[in-house]
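For reference, the structure discussed in these notes is given below.
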Amino acid sequence: MDDDLTDLCKELHRIKHQAEALGIFTNDRELLICPQCGLQEDIQSDGRLMTIEKDSQDFKDTGLRFVDMGDGRFSCPRCQALIDAEFL
């Protein structure tokens with residue numbers, strides 16, 4: 001691979017991790033919904049990930065975040081149910 005292209009890929013990878021650290025959803029998977037308690041992810045207008053109650057009318061962020069368990073699995077922060085993420 002061309003050195004410039006390799007450098008560009010490394011920079012994009014770094015930026016993606018920086019965005020994730022800031023709580024920005026990077027669209028590499030579907031948003032999560034807990035099948036047990038209904039807690040679900042949504043995206044704020046500035047791109048930050050949030051969680052809301054199922055059928056929420058006010059879209060207030062609960063402050064809870066699904067925990068990445070690795071291997072495409074996430075744990076619900078409320079009821080600890082395991083959820084398989086669907087990656088894009």
Side-chain angles (χ1 to χ4, degrees):
M1 195 183 307
D2 182 284
D3 285 343
D4 290 338
L5 187 55
T6 299
D7 291 344
L8 178 61
C9 288
K10 287 178 183 177
E11 182 65 9
L12 288 173
H13 189 71
R14 185 190 68 75
I15 291 169
K16 181 180 182 268
H17 283 286
Q18 187 176 27
E20 289 171 343
L22 293 171
I24 296 172
F25 186 64
T26 58
N27 252 3
D28 56 348
R29 62 171 173 79
E30 296 289 333
L31 295 172
L32 300 172
I33 301 172
C34 179
Q36 285 188 24
C37 71
L39 187 69
Q40 60 188 39
E41 291 181 320
D42 203 348
I43 303 170
Q44 297 179 16
S45 61
D46 63 3
R48 287 182 296 142
L49 199 58
M50 65 181 194
T51 56
I52 59 172
E53 301 295 337
K54 183 178 180 181
D55 302 323
S56 173
Q57 298 298 315
D58 62 1
F59 296 100
K60 184 176 179 181
D61 185 7
T62 66
L64 301 171
R65 297 296 179 263
F66 288 88
V67 179
D68 188 345
M69 305 300 286
D71 296 329
R73 300 188 88 193
F74 288 78
S75 175
C76 176
R78 177 179 292 140
C79 70
Q80 287 71 50
L82 291 178
I83 302 152
D84 291 321
E86 292 183 35
F87 288 88
L88 305 174

When rounded to the nearest 0.5 angstrom, what distance separates [atom1] in [X] from [atom2] in [Y]?
X     : Y     : atom1 : atom2 : value
Leu8  : Asp3  : CG    : CG    : 12.5 Å
Asp58 : Glu53 : CG    : CD    : 9.0 Å
Gln80 : Cys34 : CD    : SG    : 9.5 Å
Cys76 : Ile33 : SG    : CD1   : 11.5 Å
Phe25 : Gln44 : CZ    : CD    : 13.0 Å
Leu32 : Ser75 : CG    : OG    : 10.5 Å

task: Check the pair Phe59, Met50 against side-chain contact (heavy atoms from CB on, under 4.5 Å), reporting the backbone distance first and the verdict last.
output: CA-CA 9 Å; Phe59 296 100; Met50 65 181 194; 4.2 Å; yes

Do [X] side-chain atoms and [Y] backbone N/O form a donor-acceptor pair below 3.5 Å?
X     : Y     : result
Asp61 : Thr51 : yes
Gln36 : Ala81 : no
Arg78 : Gly38 : no

Measure across [X] and [Y] and return the closest heavy-atom pair with its distance rounded to 0.1 Å.
X     : Y     : result
Ile83 : Phe66 : CD1-CE2, 3.4 Å
Asp2  : Asp4  : OD1-N, 2.7 Å
Leu49 : Leu31 : CD1-CD2, 3.8 Å

- request: Taking the six-membered ring of Phe74 (Phe, Tyr or Trp), confirm whether the NZ or CZ of Arg29 is under 6.0 Å from its centre and within 45° of its axis.
  value: yes

Close side-chain approach of [X] to [Y], heavy-atom, < 4.5 Å:
X     : Y     : answer
Lys10 : Ile15 : no
Lys16 : Asp28 : yes
Arg48 : Ile43 : no

query: Counting heavy atoms not belonging to Asp71, are there more than 12 under 6.0 Å from its CG?
result: no

task: Evaluate whether atom CD of Glu11 has more than 12 neighbouring non-hydrogen atoms of other residues, nucleotides or ligands under 6.0 angstrom away.
output: yes

field: Co-membership, hydrophobic cluster, residues Leu82 and Val67, 4.5 Å side-chain
entry: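 They do share one cluster, since a chain of ILVMFWY contacts under 4.5 Å joins Leu82 to Val67.
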
